[in-house]
Undergrad: 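Sharing a structure below in structure tokens format, with a few things to ask.
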Amino acid sequence: MADLKRLSPGDWVVYRKQKHSASPGPRAKDVSAAPRGETYSYVVDKHWVVKELLDGDRVLVVTGTGKHHEVALTDPHLAPVGWWQRFFYRERFRQAEAYI
């Protein structure tokens with residue numbers, strides 16, 4: 001959490017978004033089937049860029065398609081970017097930077 005407290009505009013973050021569907025996409029992780037097997041629960045890593053810090057405990061982020069989300073710094077799904085994510089997913093972050 002300490003790293004999230006030091007976020008500033010332009011920083012890259014990853015958000016592990018929980019999803020449910022009948023057919024998970026190729027980026028789905030931690031896939032588990034529903035009891036009857038009709039749908040799946042999984043997470044997808046979203047690569048976002050900090051646009052603005054809001055009232056001390058929230059942050060406004062922008063997605064690679066230009067959408068904006070407010071996220072609490074205490075949200076367990078929000079994480080700072082590691083060096084390997086910077087290297088492998090830099091193009092996804094740069095897509096989001098175009099909307100800042």
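Here the structure is a predicted model, which is why all the values come from computation and not from measurement.
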Undergrad: Looking at every heavy atom in both Arg6 and Asp11, which two are closest together, and how far apart are they?
TA: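 Between these two residues, the closest heavy atoms are O-OD2, 4.1 Å.
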Undergrad: Flag yes if Leu73 and Val13 sit in one hydrophobic cluster, no otherwise; membership is Ile, Leu, Val, Met, Phe, Trp, Tyr, and two members link when side-chain heavy atoms are under 4.5 Å apart.
TA: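 Yes: a chain of side-chain contacts under 4.5 Å links Leu73 to Val13.
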Undergrad: Linking I/L/V/M/F/W/Y whenever their side-chain heavy atoms sit closer than 4.5 Å, directly or via other members, would Val49 and Val81 fall into one cluster?
TA: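 Same cluster: Val49 reaches Val81 through Ile, Leu, Val, Met, Phe, Trp or Tyr contacts under 4.5 Å.
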Undergrad: To the nearest 0.5 Å, tell me how far Lys17 NZ sits from His69 NE2.
TA: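 One gets 5.5 Å once the value is rounded to the nearest 0.5 Å.
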Undergrad: Looking at every non-hydrogen atom in both residues, tell me the closest pair between Val61 and Val71 and how far apart they are.
TA: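 Shortest heavy-atom separation between Val61 and Val71 comes out as CG2-CG2, 4.2 Å.
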Undergrad: Only one of Tyr99, Tyr15, Trp48 forms a side chain to side chain contact (heavy atoms under 4.5 Å, CB included) with Thr63, so which one is it?
TA: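 Running side chain to side chain contact (heavy atoms under 4.5 Å, CB included) over Tyr99, Tyr15, Trp48 with Thr63 returns exactly one hit, Trp48.
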Undergrad: Any idea which heavy atoms bring Gly37 and Ala33 closest together, and the distance?
TA: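 Nearest heavy atoms, Gly37 then Ala33: CA-CB, 4.5 Å.
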Undergrad: To the nearest 0.5 angstrom, please state how far the OH atom of Tyr40 sits from the OG atom of Ser21.
TA: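 If I round to the nearest 0.5 Å, the distance is 9.5 Å.
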Undergrad: What are the two closest non-hydrogen atoms of Pro80 and Gln85, and how far apart are they?
TA: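 Looking at all heavy atoms of both residues, the closest pair is O-OE1, 4.0 Å.
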Undergrad: Are Val14 and Trp12 in one and the same hydrophobic cluster, where Ile, Leu, Val, Met, Phe, Trp and Tyr link if side-chain heavy atoms are under 4.5 Å apart?
TA: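 In one cluster with Val14: Trp12, yes.
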Undergrad: Could you tell me if the side chain of Leu53 sits less than 4.5 Å from the side chain of Leu7, heavy atoms only?
TA: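 Yes - at least one pair of side-chain heavy atoms lies under 4.5 Å apart.
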Undergrad: What's the spacing between Glu52 CD and Glu70 CD if we round to 0.5 Å?
TA: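 If we round to the nearest 0.5 Å, Glu52:CD and Glu70:CD are 9.0 Å apart.
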Undergrad: According to a hydrophobic-cluster definition based on side-chain heavy atoms being under 4.5 Å apart (Ile, Leu, Val, Met, Phe, Trp, Tyr only), do Leu54 and Val50 belong together?
TA: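 No, because Leu54 and Val50 fall into different hydrophobic clusters, even though each may have its own neighbours under 4.5 Å.
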Undergrad: List the steps, then state whether side-chain contact (heavy atoms from CB on, under 4.5 Å) holds for Arg94 with His47.
TA: CA-CA 9 Å; Arg94 289 182 181 144; His47 303 90; over 6 Å; no
Undergrad: What I'd like to find out is whether the side chain of Arg58 reaches to under 4.5 Å of the side chain of Leu60, using heavy atoms alone.
TA: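 Contact flag for Arg58/Leu60 side chains = no.
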Undergrad: Find out whether the Lys NZ or Arg CZ of Arg86 is both under 6.0 angstrom from the six-membered ring centre of Tyr89 and within 45° of the ring's axis.
TA: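 Not satisfied by the 6.0 Å and 45° rule.
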Undergrad: Compare every heavy atom of Gly10 with every heavy atom of Glu97, then report the nearest pair and how far apart it is.
TA: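 Where Glu97 meets Gly10 most closely, the heavy atoms are OE2-O, 4.3 Å.
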Undergrad: Report yes if the side chains of His20 and Thr39 come closer than 4.5 Å at any heavy-atom pair, otherwise no.
TA: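 No, their side chains stay 4.5 Å or more apart.
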Undergrad: Is there side-chain contact between Arg16 and Lys29, with heavy atoms separated by less than 4.5 Å?
TA: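 Touching, per the 4.5 Å side-chain cut-off.
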Undergrad: Indicate the atoms forming the closest heavy-atom contact of Leu78 with Ala72, along with that distance.
TA: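 In terms of heavy atoms, the two residues are closest at CD2-O, 3.9 Å.
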